[in-house]
Amino acid sequence: MKFWLFLATAVLLGGASSGLRAAPAEVSNAVMSPVASAGEVVDPAVVVTPSGYQWRVTKLTWSASDERAYGDFVHAIGSSDCGDIDTCLKSPANIYRASDPKGMSFYADCADLPYLLRAYFAWKNGLPFSYASGVAAVGQSKDLRYSRYGNYVYARTDIRPAAEGMWPNARQVFFNINNVISSAMYRFAPDVTRGELPDFYPVKIAPGSIRPGTNIYDPNGHVAVVYDVDSEGRIRFIDSHPDNSVTRGNYGRRFVRASAPMGAGFKNWRPLTLVGAAQSSDGSYVGGVIKPAADAELSDWSDEQFFGTQKAKSWSAAQFVYQGQAIDYYDYVRRAVAGHDIVYDPVAETRSMVRGLCDDLRYRVEAVDIAVRAGLHMREQPDRLPENIYGTMGDWETYSTPSRDARLKVSFKELRDQAVRFLTLSAKGDDNIAYQGTDLAADLAQSYREEASLCRITYQASNGEQRGLSFEEARERLFAMSFDPYHCPERRWGATRADELATCPDGSVKRQWYLAEQRLRNQLDRTYDVSMGFSLGQLKAGVSGSGQDSAPDVALLAALGAVDVKGSLIAQDVSGGPNSEVVPQREAEGLLVDGVSP
């Protein structure tokens with residue numbers, strides 16, 4: 001768990017084992033300094049790092065072969081069935097595990113995961129490592145993780161020996177990463193010029209550029225790591241959570257687009273080079289400064305994710321043109337990454353999406369079970385929600401599921417809308433649809449039922465009893481599932497029948513909170529810029545920012561039955577769900593014009 005300190009001055013982790021580069025003049029312009037915590041600083045000049053933890057730099061720069069090896073490392077971890085990051089790095093998927101000191105353990109939430117994987121690989125391969133250890137907001141922000149206009153880096157920490165024998169301690173490095181890194185370290189404009197270089201750069205959407213090891217940043221506060229890209233442009237990712245669990249999924253609308261200063265989308269690590277170092281008696285390198293590659297040195301640097309293939313003036317006007325045709329951004333990503341036109345098999349695509357959603361439901365089982373094992377549901381209900389239910393700290397961050405649930409809801413809606421879209425395209429004779437049957441709606445419904453029948457989840461009720469839910473039951477309960485960790489597991493899984501709730505120990509107060517939180521459960525958007533420290537009375541009154549009155553339609557079978565022979569959906573919503581952030585574009589652009597941006 002992270003205990004973030006939002007301070008007026010920097011708290012930076014370093015010590016003699018690392019090089020800290022800062023730009024104090026820049027900090028004075030910022031409303032906030034970095035998110036950081038008191039860290040562990042062990043000076044290797046005083047305390048010799050145990051041999052198993054020593055970080056020796058034997059290579060001056062990250063080569064193309066190192067980058068490929070890093071991708072292979074990430075691919076192996078993602079392709080395994082490990083369920084938490086500690087297990088992942090101790091499993092056969094990690095070819096370096098045998099050299100780890102006995103008793104070493106690993107932790108990462110979503111923002112830490114890319115840094116932990118990269119740092120661990122660098123340690124095992126004698127590579128230099130450096131990371132942004134101080135970031136500040138462009139303009140004003142109460143929380144750097146959700147700053148409206150992005151951040152800039154004003155300090156970096158280099159991991160290399162300051163002198164011979166003063167080996168950085170890898171365990172300390174990982175510990176400090178856990179305490180310093182947050183999703184604020186991903187929130188940068190594509191062409192940032194202020195301060196130090198950030199750790200990542202926006203990458204061109206192309207084969208080989210988006211690859212195992214590429215990071216995906218959702219400006220709503222989530223980060224994932226690509227571990228596989230198949231020949232049809234499907235992007236698989238791995239992510240980690242505050243409870244240390246690891247999940248996997250397919251890239252889609254759960255990752256939103258956003259204005260350029262927020263830096264959403266695909267990011268690759270900048271290759272690093274150690275300059276000015278000297279060789280020690282054992283041949284390793286000491287001293288020097290680690291330099292990240294500049295934009296001009298990166299052949300696949302691109303801002304097309306923000307401004308489109310036609311270089312629009314604003315992100316909201318961006319067009320994505322493939323082979324002369326303007327298409328949806330998410331379709332463009334898939335085709336551009338595959339490197340060829342995609343012919344969709346609607347039945348196969350539907351089956352794949354149902355299987356992915358089944359995985360997501362099973363991951364949720366573990367997340368809820370962790371909260372139950374911690375006894376959160378037996379504690380008293382707090383008298384107010386956190387200041388923001390999607391971005392907070394403490395037990396709520398660790399055990400609640402509002403962000404996870406919102407992504408799940410977006411994916412269910414995407415499944416429904418994609419099926420309707422396939423019907424529409426097929427009815428128009430679109431060349432990108434491969435279907436040889438005579439009744440696509442019926443075949444889609446059948447494929448959905450068949451895959452859904454193979455998916456069954458089981459949750460543990462308050463009395464210890466194991467209770468099963470089918471895929472369709474879970475879908476029907478989707479907006480009834482409580483994200484609140486103080487509620488009984490029956491309500492966490494959307495129980496409404498008296499017989500199922502008979503084992504729930506929640507009293508009258510918790511029942512009222514559950515009912516009052518319905519409007520928050522109805523919304524798909526994760527609104528990080530809204531104050532949400534609501535009381536029970538405010539939720540009952542439906543005050544501004546407390547959600548919406550009705551839930552979106554995620555019923556695929558009902559939607560298929562409502563499509564006419566021309567492929568048109570009769571009087572139903574087929575919007576793609578949230579695919580952009582909530583900050584007004586004109587407001588963001590106005591700030592840029594005023595010269596606040598880097």
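One-based numbering along the sequence shown.
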**Asked** Measuring from Leu376:CG to Trp396:CH2, what's the distance to the nearest 0.5 Å?
**Response** 9.5 Å
**Request:** Run the numbers on Asn94 and Phe121 for side chain to side chain contact (heavy atoms under 4.5 Å, CB included), then give the verdict.
**Result:** CA-CA 10 Å; Asn94 176 17; Phe121 179 86; over 6 Å; no
**Asked** Using the benzene-type ring in the case of Trp, are the ring centres of Tyr115 and Phe106 under 6.0 Å apart?
**Response** no
**Least distance between heavy atoms, Pro292 atom then Ile290 atom** = CD-O, 3.7 Å
**Message:** Run the side chain to side chain contact (heavy atoms under 4.5 Å, CB included) test on Asp395 and Arg379 for me, step by step, so that the C-alpha distance in whole Å, both residues' side-chain angles and the decisive distance to 0.1 Å come before the verdict.
**Reply:** CA-CA 11 Å; Asp395 285 341; Arg379 299 184 191 176; 2.6 Å; yes
**Prompt:** Ring centroid separation for Phe174 and Trp123, is it under 6.0 angstrom?
**Reply:** yes
**Request:** Go through Lys409 and Arg521 one step at a time and tell me if the side chain to side chain contact (heavy atoms under 4.5 Å, CB included) criterion holds.
**Result:** CA-CA 10 Å; Lys409 292 164 187 174; Arg521 292 195 296 272; 4.0 Å; yes
**Sub-4.5 Å side-chain heavy-atom contact between Leu274 and Lys59** = no
**Message:** Between Arg211 and Arg68 (side chain of the first, backbone of the second, donor and acceptor by atom type, cut-off under 3.5 Å), is there such a pair?
**Reply:** no
**Message:** Given 3.5 Å as the limit, does a donor-acceptor pair link the side chain of Gln305 with the main chain of Phe266, or not?
**Reply:** yes
**Item:** Sidechain-backbone polar pair: Arg160 side chain, Gly288 backbone, donor-acceptor under 3.5 Å
**Value:** yes
**Item:** Within 6.0 angstrom of Asp230 CG, more than 12 heavy atoms from elsewhere
**Value:** yes
**Fill in**
Taken to the nearest 0.5 Å, the spacing of Thr401 OG1 from Asp243 CG works out to 10.5 Å
**Request:** Look up atom CG in Asn176 and atom CD1 in Ile181, then write down how far apart they are to the nearest 0.5 Å.
**Result:** 10.0 Å
**Message:** Less than 6.0 angstrom from the centroid, inside 45 degrees of the normal: does Arg364 satisfy that with respect to the ring of Trp493?
**Reply:** yes
**Prompt:** Between Ser130 and Arg156, does any side-chain donor sit less than 3.5 Å from a side-chain acceptor?
**Reply:** yes
**Message:** Here's one to test your reading of the geometry: is the NZ or CZ of Arg194 within 45 degrees of the ring axis of Tyr152 and under 6.0 Å from its centre?
**Reply:** yes
**Message:** Please check: side-chain N/O of Ser302 versus main-chain N/O of Val203, any donor-acceptor pairing under 3.5 Å?
**Reply:** no
**Message:** Ring centres under 6.0 Å, that's the criterion: do Phe237 and Phe255 meet it?
**Reply:** yes
**Message:** Are the side chains of Tyr399 and Pro242 in contact, using a 4.5 Å heavy-atom criterion?
**Reply:** no
**Message:** Tell me whether Ser482 contacts the main-chain N or O of His487 through its side chain, where contact means a donor paired with an acceptor under 3.5 Å.
**Reply:** no
**Message:** Would you compute the distance between atom OG of Ser403 and atom NE2 of His241 and round it to the nearest 0.5 angstrom?
**Reply:** 10.5 Å
**Request:** Work out which heavy atom in Met185 is nearest to a heavy atom in Ala132; give both atom names and the distance.
**Result:** CE-O, 3.7 Å
**Request:** With Asp218 as reference, evaluate Arg257, Arg526, Arg407 under the side-chain hydrogen bond (donor to acceptor under 3.5 Å, both in side chains) test and give the passing residue.
**Result:** Arg526
**Message:** Looking only at side-chain N and O atoms, does Asp66 offer a donor or acceptor that is under 3.5 Å from a partner on Ser63?
**Reply:** yes
**Request:** Check whether NZ of the Lys or CZ of the Arg Arg118 lies under 6.0 Å from the centre of the six-membered ring of Tyr70 and within 45 degrees of that ring's axis.
**Result:** yes
**Item:** Under 3.5 Å side-chain donor-acceptor pair for Ser91 and Thr87
**Value:** no
**Request:** Using side-chain contact (heavy atoms from CB on, under 4.5 Å) as the criterion, point out the one residue from Val225, Thr247, Val226 that pairs with Ile238.
**Result:** Val225
**Request:** Return yes if a side-chain donor-acceptor contact under 3.5 Å exists between Arg187 and Tyr146, otherwise no.
**Result:** no
**Item:** Nearest-0.5 Å distance that lies between atom CG in Asn244 and atom SG in Cys88
**Value:** 9.0 Å
**Request:** Identify which one of Asp112, Leu116, Asp109 satisfies the side-chain contact (heavy atoms from CB on, under 4.5 Å) criterion when paired with Asn178.
**Result:** Asp112
**Prompt:** Would you call Asp282 and Arg56 a salt bridge, using N to O less than 4.0 angstrom?
**Reply:** yes
**Asked** Do Ser141 and Ser147 have side-chain atoms, one donor and one acceptor, less than 3.5 Å apart?
**Response** no
**Complete:** Distance col, row Leu89:CG vs Ile77:CD1, nearest 0.5 angstrom, shows 5.0 Å
**Prompt:** Between Tyr53 and Trp167, is a side chain to side chain contact (heavy atoms under 4.5 Å, CB included) present by the stated rule, with each step listed?
**Reply:** CA-CA 9 Å; Tyr53 294 97; Trp167 316 115; over 6 Å; no
**Complete:** Of all heavy-atom pairs linking Glu67 and Trp62, the shortest is OE2-CE3, 3.8 Å
**Item:** Any side-chain donor near an acceptor of the partner, Arg236 and Ser79, under 3.5 Å
**Value:** no
**Message:** Quick one, Asp360 with Arg254, criterion salt bridge (charged side-chain N to carboxylate O under 4.0 Å, His left out). Give me CA distance, side-chain angles, the key distance, then yes/no.
**Reply:** CA-CA 12 Å; Asp360 290 339; Arg254 68 179 80 187; 3.0 Å; yes
**Asked** Does a donor on one side chain and an acceptor on the other come within less than 3.5 Å for Tyr120 and Asp100?
**Response** yes
